[in-house]
Amino acid sequence: MPSGIHDLLQKPIVAINIGLAQFAESLEEQKVDVVQVDWVPPAGGDRQMIDLLDHLL
Amino acid sequence: MPFDFVIRKNQYFDSVFLMGVSKRISDHPGVQQNAVLMGSESNKKLLADIGVQDAKIDAAQPNDLIIAVVSTTTKAAHDVLAELDVYLQGGVQAAATSNPHSLEDGLVQRKNASLAVISVPGEYAAREARKALEAGLNVFLFSDHVSVEDELSLKGTAAEKNLLVMGPDCGTSLIGGVGLGFANAVRRGPIGAIGSAGTGLQEFTTQVHNAGSGISHAFGTGGRDLSDQIGGLTTFAALEALEVDETTRVIAVISKPPGEKTLARLTKRFEDCGKPVVGCFLGARAEAGKGKSNLHRASTLDEAAHLAVKLAGGEPPILGAAFTAQELDLVKRERASWSSEQKFVRGLFAGGTFCYQSQQIFREASLLAYSNAPLDPANKVKEGVPIKAHKLIDMGADEYTIGRPHPMIDGTLRRQRILAEAQDPQTAVLLLDFILGYNASMDPVGDLLDAILEARLSVKKRGGILTVVASICGTEGDRQDVHQQTRMLKEAGVLVFPSNATAAFFCCELFE
């Protein structure tokens, strides 16, 4: 049995919500352990800079 | 048109919040148009489309908030923008929280995380999903506009790591009773589901619930998963997971017709599956998807739910397209009240699958229907070109939703369209869907009710009657109160059916 998928199906979900805050709120409403990430575009949204950062890291 | 705008440097807000701000600004008297968006290149094009252009806007960055108001005078636009902080208040408070700002920071707080829910703009989504997979997380990828190459690469990585990528453009999933994205409150039970169609999966799971059974897990895969380009990577992985999952006794796969090669592999996989499989390939002609032993083919979502519940040992209500004598009387009465000009159905859907399924039902009843998302490309509707045929419109399609809230969240566009269709003397029937559940509008019926009543009144004044047929996708556990929503529709004279398929069949009966 695939382990990552197995964990998702068999254990209580622990979620990281990246983006729309209402998705985290609806998970909280369902008693899911969730952390909201207030995401912002990396490197000010500069595509070339993002690619460069990804390459360096 | 005169306009004014404000740019707030380095203030990033999510799109749903910004659409809420835009809606509040649009309620301000004198506002002709407005745009509240981040300074990405695609958003700047949207601004140019409404005539808002300036060197400062050209220089804005994706992290910069732009608020533009088009009004009768520049001063009127300026006055609206002077109150901007009031409109932005909720978001400013949200931005002031101590939440982490990256996946990496989130992982510090939840080292045992098993799932990343990603809804950032499409151009950044693959990058976030890749990071999540590298960190060992399964991914629910709500974002759309992710390239096929990125989708393929993400799903390849997921396969190597035994992880699941639900999406991109994944609207719904239910994992162990937990709804992700736009999902309904559905009890747990023996039926597992896999669906490339978001509202299709919602309709299937609510029908299973309403038939007394329940869902073990339901996985959204993203609309392209069963194309030959992607080859069903998520569908096959989900199928394997459900096959070994002890709580799952029956598996249903719901999709538009898969690619030819993928369908052949999928059919073989169904036959080898240790559990019964219900296959519902909406829009497929009868022969497609036809299988042997293990595969039970369903042509509608209702039939899929009925078969699945039955195969799982439940006793679903009798399924049939035949209407009661009372309903047939209703057909005669409605038809007799139409004026001689009233000849066609206008379907305005929030759910893309409902538009698609309705077209299939119309086609089987030999009723020609045009659509913006047609089954047959020859039946593509062209805006502004009058059509003497039925029209079934997916109001959640890109052309209606870029820069605007989806009709499942906000009824504005459908409200306007209902009133416009009522002005067309050929309109006899409005076919609507209402979708309840997590993250959907808190009052989807209330959002459209005034428009429905006004539309009916205007047709009545012309000497006819506007027949309004609707279905509600939801359960009694949904936060919107399905009974209240149904009651409101019935009190407005709307004919309410328990599913989109039965509502579409009823429309066909009206034109028999």
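Residue numbering restarts at 1 for every chain, and letters A, B, ... go by the order of the sequence lines.
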Participant: At a 4.5 Å cut-off on heavy atoms, which part of B:N439 comes close to chain A: side chain, backbone, both, or neither?
Facilitator: both
Participant: Measure across A:V34 and A:N17 and return the closest heavy-atom pair with its distance rounded to 0.1 Å.
Facilitator: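 Here A:V34 and A:N17 meet closest at CG2-CB, 4.0 Å.
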Participant: How are the rings of B:F182 and A:F23 set relative to one another: parallel (under 30°), tilted (30 to 60°) or perpendicular (over 60°)?
Facilitator: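 It falls in the perpendicular class, over 60°.
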Participant: Classify the ring geometry between A:W39 and B:Y12 as parallel (under 30°), tilted (30 to 60°) or perpendicular (over 60°).
Facilitator: perpendicular
Participant: Among B:D105, B:L103, B:L180, who wins on heavy-atom pairs under 4.5 Å with chain A?
Facilitator: B:L103
Participant: In a check of salt bridge (Lys or Arg N to Asp or Glu O under 4.0 Å) between B:D150 and each of B:K155, B:R127, B:R130, which one passes?
Facilitator: B:R130
Participant: What residues of residues 113-123 of chain B make heavy-atom contacts with chain A at a cutoff under 4.5 angstrom?
Facilitator: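 If one takes a 4.5 Å heavy-atom cut-off, the residues of residues 113-123 of chain B near chain A are B:A113, B:S114, B:L115, B:A116, B:V117, B:I118, B:S119, B:V120, B:P121, B:E123.
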Participant: If you count the non-hydrogen atoms of other residues, nucleotides and ligands that lie under 6.0 Å from NZ in B:K9, is the total more than 12?
Facilitator: yes
Participant: Which of the residues B:G39, B:S102, B:S40, B:S15 is involved in the greatest number of heavy-atom pairs with chain A at under 4.5 angstrom?
Facilitator: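 Greatest number of close heavy-atom pairs with chain A: B:S102.
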Participant: Highest number of heavy-atom pairs under 4.5 Å with chain A: which of B:L137, B:N112, B:L164?
Facilitator: B:N112
Participant: Taking all heavy atoms of A:I16 and all of B:G106, pick out the closest pair and write down the distance.
Facilitator: CD1-C, 3.6 Å
Participant: Should B:K131 and B:E134 count as an ion pair when the cut-off is N to O under 4.0 Å?
Facilitator: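 Not counted as a salt bridge, because no side-chain N and carboxylate O are separated by less than 4.0 Å.
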Participant: At a heavy-atom distance under 4.5 Å, which candidate from B:A125, B:G179, B:S216 has the highest pair count against chain A?
Facilitator: B:G179
Participant: Who wins among B:Q61, B:E128, B:Q109 for the most heavy-atom pairs under 4.5 Å with chain A?
Facilitator: B:E128
